[in-house]
Amino acid sequence: MRDYKLVVLGAGGVGKSCLTVQFVQGIYLDSYDPTIEDSYRKTIEIDNKVFDLEILDTAGIAQFTAMRELYIKSGMGFLLVYSVTDQQSLDELIALREQVLRIKDTDRVPMVLVGNKADLTDDRVISVEDGIAVSSKWGKVPFYETSALLRSNVDEVFIDLVRQIIRNEMENVARSEMRNPSLANLKNNNSSRSVSQPVDPKNSANFRKHARMGSLQVQTGSSRSNTPSKLQNSSTTNKTQKRNETSRSSPAAAVKSKSSNSAVKGKSPTKSKPKKKKSSPCTIL
């Protein structure tokens, strides 16, 4: 949410307080009480964006004109209000505008020219054409005729002023980028990298760290799984060596081991046939 500070300037009795209170609270003030300084806050949505507005209602009487310089320095946008029933109030705005431009030190200041009390048709001394002429003389400053009593164009003048502030900020950013092309190129490069070159998670340090930890776990797990098989193979080898040694020492044990092996494999043990003794030939005398 952006905070904008708006300042309402004008001669005394032109209806600055009536406009401000009608915009903020929706109430019309039918009594005149000279203002020294009143501050109001209002949250408003403009063009799908929310803004917090601080509106400073300034004094119009001559005794407090010395305070205007402080208001102008802190303000971001200005409503210059006159009454259509008072020619002098419009003449005072010309000096007020010159003061604003001098303090801000620029010709591009968000500003709206407001002709208030448009409902008093019988007392009117300033025509609509006169307001348009002043607006054109000031560089086509937005011009509205308002009525705080009828709430005519009350919201419009404040919304128009906020939109001018937004445009002014965008133009200032564009001008700063034109003065510093390297800054604009850096900003474009950063935005293009974030859009067209997504970060590869395999190149990140955390990914490599977890990958190394995972490979270590796999290696340790495989070595643990291979340990029992190695022990089993060594025990089987020891048993085979013992059987071979016993078979060498006694033939009977060898026969027995062979028969046990054949029984394990599912074959019936074979009986060894006794060897026949050869008879020696007898001699006849």
Side-chain angles (χ1 to χ4, degrees), residues 1-12 14-29 33-60 64-82 93 96-97 99-116 135 138-177 183 187 191:
M1 182 185 298
R2 298 296 304 275
D3 296 337
Y4 290 154
K5 191 169 186 178
L6 313 181
V7 182
V8 184
L9 297 173
V14 297
K16 299 186 299 296
S17 299
C18 291
L19 279 175
T20 305
V21 174
Q22 183 68 269
F23 173 68
V24 176
Q25 302 176 2
I27 300 173
Y28 174 71
L29 301 177
D33 184 13
T35 301
I36 298 176
E37 178 184 346
D38 288 332
S39 181
Y40 302 88
R41 299 194 74 93
K42 181 180 177 66
T43 301
I44 187 172
E45 182 178 353
I46 301 174
D47 300 333
N48 298 324
K49 295 180 181 179
V50 180
F51 301 93
D52 188 16
L53 306 181
E54 181 182 357
I55 304 170
L56 187 62
D57 182 17
T58 63
F64 301 99
T65 54
M67 301 174 63
R68 287 178 180 170
E69 187 171 352
L70 298 176
Y71 306 150
I72 295 172
K73 284 183 178 179
S74 61
M76 303 173 67
F78 302 90
L79 287 182
L80 300 183
V81 185
Y82 70 93
L93 284 186
L96 277 175
R97 177 178 177 271
Q99 186 179 9
V100 170
L101 299 181
R102 176 178 55 81
I103 293 174
K104 288 297 185 180
D105 194 22
T106 179
D107 293 335
R108 304 180 64 84
V109 179
M111 190 179 298
V112 175
L113 177 62
V114 180
N116 195 28
S135 172
W138 289 357
K140 296 183 178 180
V141 171
F143 166 67
Y144 294 86
E145 281 199 344
T146 61
S147 172
L149 175 63
L150 303 177
R151 197 181 173 86
S152 174
N153 289 334
V154 174
D155 294 344
E156 285 77 4
V157 295
F158 287 95
I159 292 174
D160 193 325
L161 186 58
V162 172
R163 285 174 174 162
Q164 287 188 58
I165 297 174
I166 297 172
R167 288 196 300 267
N168 194 40
E169 289 181 342
M170 295 176 64
E171 291 174 358
N172 290 335
V173 172
R175 281 196 294 269
S176 64
E177 290 180 353
L183 181 62
K187 184 178 179 180
S191 61

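Since the structure is predicted, the reported quantities are computational estimates derived from the model, not experimental observations. What you see below is based on every heavy atom in this structure, not just the backbone, and it leaves out hydrogens, waters and symmetry mates.
- Taking OG from S152 and OH from Y144, the interatomic distance works out to 11.5 Å, rounded to the nearest 0.5 Å.
- For the residue pair L19 and F158, the shortest heavy atom distance occurs at O-CE1, 4.1 Å.
- In this structure the side chain of T58 never reaches within 4.5 angstrom of the side chain of R68, judged on heavy atoms.
- A donor and an acceptor atom, one from each side chain of Q164 and N168, are nowhere located under 3.5 Å apart.
- When every heavy atom of W138 is checked against every heavy atom of L80, the shortest pair comes out as CZ3-CD1, 3.8 Å.
- In this structure, L9 and K16 approach most closely via the heavy-atom pair C-CD, 3.6 Å.
- In terms of modelled atom types and a separation under 3.5 Å, the side chain of K104 and the main chain of M76 share no donor-acceptor contact.
- At a threshold of 4.5 Å between non-hydrogen side-chain atoms, the residues T106 and R108 count as touching.
- Side-chain atoms of V157 and F23, non-hydrogen and from C-beta on, never get closer than 4.5 Å to each other.
- Looking only at distances, no side-chain donor or acceptor of K42 sits under 3.5 Å from a matching main-chain atom of D52.
- Atom CG of N172 and atom CD of E177 lie 11.5 Å apart (nearest 0.5 Å).
- T146 approaches N153 most closely through the heavy-atom pair CG2-O, 3.6 Å.
- Taking a 6.0 Å sphere around CG of D105, one finds it holds 12 or fewer heavy atoms contributed by other residues, nucleotides or ligands.
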> Would Y4 and I166 satisfy side chain to side chain contact (heavy atoms under 4.5 Å, CB included), going step by step from the backbone distance to the final call?
Replying inline: CA-CA 10 Å; Y4 290 154; I166 297 172; 3.7 Å; yes

>> Please determine whether side chain to side chain contact (heavy atoms under 4.5 Å, CB included) holds for the pair L79 and L6, giving the CA-CA distance in whole Å, both sets of side-chain angles, and the decisive distance to 0.1 Å.
In response: CA-CA 8 Å; L79 287 182; L6 313 181; over 6 Å; no

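- You'll find the side chain of V114 stays beyond 4.5 Å of the side chain of V14, heavy atoms only.
- Remark: side-chain polar atoms of S39 are not paired, donor with acceptor, to backbone N or O of L56 under 3.5 angstrom.
- For the pair N116 and V81, the minimum side-chain heavy-atom distance is below 4.5 Å.
- Closest heavy-atom contact between S74 and Y71: OG-O, 3.2 Å.
- Of the inter-residue distances, the one linking L53 atom CG with I46 atom CD1 reads 6.0 Å to the nearest 0.5 angstrom.
- E156 contributes atom CD, which lies 9.5 Å from atom CZ of R163 (distance to the nearest 0.5 angstrom).
- Side-chain atoms of D38 do not come within 3.5 Å of backbone N or O of D57 as any donor-acceptor pair.
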> Which is it for F78 and R97 under the side chain to side chain contact (heavy atoms under 4.5 Å, CB included) test, yes or no, and what are the steps along the way?
Replying inline: CA-CA 9 Å; F78 302 90; R97 177 178 177 271; over 6 Å; no

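- Residues I165 and E169 are in side-chain contact: their nearest non-hydrogen atoms beyond the backbone lie under 4.5 Å apart.
- Within the 3.5 Å criterion, the main-chain N or O of S17 finds no donor-acceptor partner in the side chain of T20.
- A heavy-atom distance below 4.5 Å is found between the side chains of V109 and L101.
- The backbone N or O of A148 lies less than 3.5 Å from a partner atom in the side chain of Q22, making a donor-acceptor pair.
- Nearest heavy atom pair, residue D155 against residue R151, reads OD1-NH2, 2.9 Å.
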>> Using side chain to side chain contact (heavy atoms under 4.5 Å, CB included), reason through I103 and E69 one step at a time and then give a plain yes or no.
In response: CA-CA 7 Å; I103 293 174; E69 187 171 352; 3.5 Å; yes

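- At least one side-chain heavy atom of Y40 sits less than 4.5 Å from a side-chain heavy atom of V21.
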